[in-house]
Structure formats: C-alpha cells, structure tokens
There are 2 protein chains.
Amino acid sequence: MMEYSIRELADLAGISTRTLRYYDEINLLKPARMNHSGYRVYTQREVDLLQQIMFYRELDVSLEQIKSIINDPAFDKRKALTDHYKRLLERRDHLDKLIAAVKKTIAHENGEVKMNNEEKFQAFKERLIQENDAQFRKEVREKYGDEAAELSNAKLLNLSEEQYHQMQETEKEMFAYLKQAMEIGDPASEQAQKAAAKHKEWLSYTWPQYSKEAHANLVDMYVADERFAEYYDRHGSGTAQFLRDAVHHMTKA
Amino acid sequence: MMEYSIRELADLAGISTRTLRYYDEINLLKPARMNHSGYRVYTQREVDLLQQIMFYRELDVSLEQIKSIINDPAFDKRKALTDHYKRLLERRDHLDKLIAAVKKTIAHENGEVKMNNEEKFQAFKERLIQENDAQFRKEVREKYGDEAAELSNAKLLNLSEEQYHQMQETEKEMFAYLKQAMEIGDPASEQAQKAAAKHKEWLSYTWPQYSKEAHANLVDMYVADERFAEYYDRHGSGTAQFLRDAVHHMTKA
DNA sequence: CATAAACGTTGACGCAACGTCAATGTCAAG
DNA sequence: CTTGACATTGACGTTGCGTCAACGTTTATG
C-alpha cells in the first residue's frame with residue numbers, strides 16, 4: 001500500500017504543501033489519516049482524487065464547486081473524466097479563437113485587414129459564454145437528470161478532432177440557414193427546415209440516439225431559459241424562438 | 001474620434017466597470033481623460049491597450065507585470081502581439097497534453113493501459129515549467145537585450161501548426177540522442193554531436209540566422225542558470241551540462 | 001547516543017484581483 | 001421637474017493561496 005507524506009504528494013502533483021493543507025482545511029481533500037505524530041498520510045485514493053481536483057482547477061472551477069461535485073454520492077470518476085475531456089476540447093477551441101484573433105490583430109496593425117473594436121474582443125467574450133455554459137450544464141443535469149448528460153458525454157469521448165471540428169462546422173451552417181430563414185420569416189420554409197436538419201445533425205454528434213420528442217423538448221428549453229436564448233440570439237434577435245418553431249415543424253411532420 | 005464611457009468599454013471588452021476602475025487605480029489603464037462631470041472617457045488608444053492587457057491576462061501574467069511591460073518605453077505593440085501568439089501556441093500545446101492525459105486516465109480506469117502516479121500529474125507539471133519559462137524569458141530579454149527575443153518572435157509568427165509540431169519533434173529527438181550520448185559519456189561522440197545538431201535544428205525554427213557563437217552562448221546560459229538546468233535535467237541529471245559540452249565541441253570544430 | 005538538518009504541525013497575517021454595496025452626483029427622457 | 005439610468009468614490013469582503021513564526025518529530029551523520 002503506497003502512502004505519501006504531504007511533501008511527497010505535493011511534489012508528485014507539482015503543488016505546495018500549503019495548498020494541500022488548505023484543501024484539508026476546507027474539506028476538499030482530506031488525508032487518509034494522521035499518523036501518531038500528527039502528520040498527514042495520503043494514499044492512492046487521495047492521489048486519484050487530487051488528479052480530479054487538478055483537472056477541475058485547470059478548467060477554472062471554484063474549489064467550493066469542486067467540493068460539491070466530488071462529494072456528491074453520485075460522483076463517478078469515469079464520468080467526471082469524460083466531462084473533463086469535453087471541456088478541455090472546448091477550451092482548446094477557445095484558444096484557437098484567441099490565436100486567430102492575435103493573427104488578425106497583427107495583420108490589422110500591418111494594414112493588411114480591417115478589424116473593428118468589437119472583433120478585437122470577440123474571442124475573449126466567447127470564453128465568458130462558454131464559462132457560463134459550464135455552470136448552466138450543471139443546472140441542465142439537475143433539471144433533466146443525468147441521462148442526457150451521460151449519454152452525451154459517452155459519445156463525445158469518441159470524437160476525433162476532425163469530427164469535433166465537423167461538429168462546429170455543422171453548427172455554423174445551421175446558423176447560416178437560420179439567418180436566411182429568418183429573413184423569409186417562415187419556420188416551415190426550405191431554409192428553416194434545413195436549419196432544423198442541421199441542428200439535428202449537430203445533435204447526432206453527441207446524442208447516442210435521436211428522438212423527435214427529445215429534440216422538441218431541447219429547443220423548448222432554448223427558448224424558456226434566457227441564457228440559451230441569449231446564446232442563440234447573438235446571431236440575431238429571435239433566433240432561439242425561430243429555431244424552436246422550425247424544429248417543431250420538422251418533428252411534427 | 002470614437003470615445004467610450006466606462007460602461008461602453010466594459011461591455012465592448014466583456015469585463016466589469018469595477019475592473020476598469022481598478023485598472024485606473026493601479027495605473028494599469030488610465031482613461032484618456034475625465035470629463036467635466038468626473039466621468040472617465042476612453043479612446044481608441046485605450047481600446048488597443050486593453051486588448052493587450054487581456055491577452056496578457058489570458059496568459060496568466062500578473063497585472064503588476066503587465067503594467068511594467070506596457071509602460072516600458074521600449075514597448076512595441078506588434079512585438080507584444082507576436083509574443084502573445086507564441087505563448088498561446090505553447091498554451092495550446094499544454095492543453096493537448098492535458099487532453100492526452102485525460103484520455104489515458106480513462107483508458108487506465110478501464111484497465112486498458114498502465115499509468116503510474118507520476119504520469120497522472122505530468123501534464124499539470126508541464127504547465128508549471130512553461131510558466132516559469134515565461135518569467136524567465138523576460139529576464140533573458142533584460143540580460144541579453146531585445147535582439148534575440150525580437151528575432152525569435154518574428155520568425156515564430158510565420159510557423160504553421162505543422163512546423164510547430166516539427167519543432168517539438170526535433171526537441172524530442174534531441175533529448176533522445178542526449179540520453180544515448182550520456183550513457184556513452186563523451187560529448188564528442190557521434191550521438192552527442194547528433195544531439196547538438198538537433199539542438200541547432202531546433203533553434204533554426206526561431207532564429208533568423210545562426211551563429212556558432214550565439215549557440216555556444218545559449219548553452220552556457222542553460223548551465224549557468226538553474227532554471228534552464230532544471231528543465232533539461234528532467235531528462236537526466238547533468239543533461240544541460242552535457243548539451244553544453246556537446247555544442248561547444250560542435251561549434252569549435 | 002547526541003546533534004543538526006530536514007521533516008511535519010498550527011496559527012496568523014498578507015496579497016492579488018477583483019465583487020459587492022452604500023452614498024451621492026450627473027445625465028437623459030418623459 | 002421627476003425619475004431612472006448613468007457615473008463617481010470609498011470601503012468591506014472573498015478566494016486561494018504565499019509566507020513566516022513557533023514548535024514538535026523524524027532522519028541522517030558523526
């Protein structure tokens with residue numbers, strides 16, 4: 001049975017002993033026991049738990065939130081790991097946007113392209129939306145249960161990087177169709193139905209199985225909850241509602 | 001001349017007015033002026049400066065450090081942008097390592113691969129080294145002047161993602177040769193000279209021009225400064241010194 | 001065995017980077 | 001003019017540690 005002193009665990013993980021004592025203090029990561037001298041003793045269980053904590057830290061989750069997650073009786077290590085994976089992919093996507101933004105800013109400075117002030121901050125603000133989404137996802141889980149989240153995560157894990165990008169492309173296409181369809185103004189129009197189909201395709205990347213009912217419920221949620229609406233309405237006021245109508249039309253046909 | 005109130009600039013950038021007032025207070029980002037009511041007024045100059053600040057924030061640079069950077073009379077916007085680019089690439093590289101770590105941990109949980117505790121934290125600790133390196137890079141600049149840093153940045157900007165990965169591969173190969181050569185123990189050996197050549201090749205990705213003297217100076221620095229030594233000695237105690245000897249041999253021949 | 005260095009502990013203060021709120025002046029619209 | 005939205009300053013509080021003092025325990029060395 002491998003055991004670690006506080007120094008050993010701190011060195012193993014690349015953090016300070018102060019951090020570990022703090023985590024003990026806030027009941028985030030208790031040692032397995034205190035030995036007869038009052039020294040903390042950590043075991044393999046704590047090692048694995050610390051790794052989880054560090055993934056959450058990397059994803060800027062607050063310690064208080066990490067605590068509630070890992071102390072949840074329903075906490076499942078594998079499930080958590082798939083969640084980390086998903087979020088790291090998203091983080092990577094954000095980073096790509098920042099990289100693109102730097103490049104564009106440089107080109108702008110060189111007089112090669114035009115870039116307005118909105119664009120200068122767009123990539124940073126994307127981060128905000130994604131972080132809000134992380135908290136929101138937790139609430140979705142609470143509201144609709146683990147089933148959707150778990151199935152979604154399990155399938156996403158198997159996505160290759162290329163598939164992930166395809167998923168992003170699909171969403172982009174959906175928004176393009178939505179924009180056109182909204183100019184027409186008819187959720188039953190060909191463009192609107194193409195948008196709905198693209199949304200369905202987008203869902204297929206993460207949903208292990210599709211049902212019309214689930215699809216309809218999802219878009220209802222988009223409209224009912226302001227944060228989803230806000231995310232979609234960035235592409236034009238009323239987008240969330242329009243998508244809902246388009247999907248309802250498709251799923252009732 | 002476009003001007004922004006504090007609310008407008010905060011919204012533009014996706015941050016709080018409190019943040020902007022704090023930045024004013026600490027002399028990080030002063031408004032262009034205060035109007036007759038005592039309201040802050042920001043202009044295009046401040047917009048661009050704020051973008052810079054936000055890139056630095058994204059890269060976890062402290063505000064105090066950001067302040068000293070952008071207040072440096074030698075501060076050059078374009079130079080800074082190329083630096084952001086470089087660091088964001090590094091950050092992405094780190095993220096890839098974390099993504100790989102999650103995947104491996106999951107496979108480990110499924111009993112598909114073996115993973116020791118060291119490996120479980122390896123990706124997190126890589127981050128530490130890179131962050132130390134960021135601070136160190138600043139000191140390199142101060143010690144050796146801007147020339148090396150600037151030339152390095154300018155060339156790196158034009159690297160494609162593929163070239164960047166090749167650069168990483170080159171470093172990996174160098175370490176492989178170093179390891180073999182150190183078992184032999186002779187800095188003049190064929191393996192050692194291959195390592196030195198790989199190091200030279202690695203440098204060619206960022207150095208616009210190569211000189212033996214610069215190369216020799218660089219490896220001297222690797223040994224003289226503990227942090228470089230530590231980075232290299234992760235691959236085996238004495239690696240930095242051995243590389244220095246190998247390169248000296250090559251550059252004197 | 002004795003000693004010194006390295007290990008551990010708790011307690012406490014301090015810091016960075018804001019978030020929050022109170023009190024109050026200013027601006028804009030009805 | 002009134003009210004709501006805008007702005008200001010001042011001040012307290014939070015999170016997640018870093019740092020250090022005081023002191024007990026363990027380990028390595030002579």
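Just so it is clear, the structure is predicted and the values come from calculations on it, not from any experiment. As a basis for the values below, the full set of heavy atoms in this structure was taken, side chains included, without hydrogen atoms, waters or symmetry mates. The chains referred to below are lettered A, B, ... by the order of the sequence lines, with proteins before strands, and numbering in each begins at 1.
Ring geometry for B:Tyr56 against B:His84 counts as perpendicular: the plane angle is over 60°, on a 0 to 90° scale with 30° as the lower cut.
To the nearest 0.5 Å, atoms OG1 (A:Thr17) and CD (A:Glu8) are separated by 12.5 Å. Of the inter-residue distances, the one linking B:Asp48 atom CG with B:Leu81 atom CG reads 9.0 Å to the nearest 0.5 angstrom.
Straight-line distance from the CG atom of B:Asp11 to the C1' atom of D:dA5: 13 Å, rounded to whole Å. Residue B:Leu9 contributes atom CG, which lies 11 Å from atom P of D:dA7 at whole-angstrom precision. Separating the CD1 atom of B:Ile66 from the C1' atom of C:dA16 is a distance of 12 Å, rounded to the nearest angstrom. Protein atom NZ of B:Lys67 is 13 Å distant from nucleotide atom C1' of C:dA16, rounded to whole Å. Nucleotide C:dG25 holds its P atom 17 Å from the CG atom of B:Asn35, rounded to whole Å. A:Arg7 has its CZ atom 15 Å from the C1' atom of C:dA5, to the nearest Å. Between the CG atom of B:Asp60 and the P atom of C:dA17 there is a distance of 11 Å, rounded to whole Å. Rounded to a whole Å, the OH atom of B:Tyr39 is 10 Å from the P atom of D:dC6.
Both B:Glu64 and B:Ser37 lie close to DNA chain C; mapped to their nearest nucleotides by heavy-atom distance, the more 5′-ward contact belongs to B:Glu64. Toward the 5' end of DNA chain D, the nearer of the two residues A:His36 and A:Ser16, judged by each one's closest nucleotide, is A:Ser16.
The side chain of A:Ile6 sits closest to C:dG8 out of C:dG8, D:dT8, D:dG16.
For the residue pair B:Arg78 / B:Thr82, no side-chain donor-acceptor distance below 3.5 Å is found, with atom types taken as modelled.
OP1 or OP2 of D:dA7 has not a single side-chain nitrogen or oxygen of B:Thr17 nearer than 4.0 Å. Proximity of B:Arg40 to the phosphate of D:dT8: a side-chain N or O atom is located under 4.0 Å from OP1 or OP2. Residue A:Ser5 has no polar side-chain atom (N or O) positioned under 4.0 Å from OP1 or OP2 of C:dC7. For C:dA17, neither phosphate oxygen OP1 nor OP2 lies less than 4.0 angstrom from any side-chain nitrogen or oxygen of B:Thr19.
Non-hydrogen atoms lying under 4.0 Å from DNA chain D are contributed by nothing in residues 41-54 of chain A. Remark: B:Arg21 in residues 20-33 of chain B come within less than 4.0 Å of DNA chain D through at least one heavy atom.
The residues B:Arg7 and B:Asp11 are annotated as salt-bridged, a charged nitrogen and a carboxylate oxygen being separated by less than 4.0 angstrom.
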* Mind running side chain to side chain donor-acceptor pair (under 3.5 Å) on A:Ser68 and A:Gln65 for me, showing each step along the way? => CA-CA 5 Å; A:Ser68 72; A:Gln65 204 178 351; over 6 Å; no

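Within 4.0 Å (heavy atoms only), B:Arg18 reaches at least one base atom of the nucleic acid.
Contact annotation: the side chain of B:Gln51 never approaches that of A:Asn117 to less than 4.5 Å [non-hydrogen atoms, C-beta and beyond].
No side-chain donor-acceptor contact under 3.5 Å links A:Lys120 to the backbone of B:Leu12.
Within 6.0 Å of CD in A:Gln44 there are more than 12 heavy atoms belonging to other residues, nucleotides or ligands.
With B:Lys104 as the partner, the side chain to side chain donor-acceptor pair (under 3.5 Å) test is satisfied by one option alone out of B:Glu119, B:Gln122, B:Glu109: B:Glu119.
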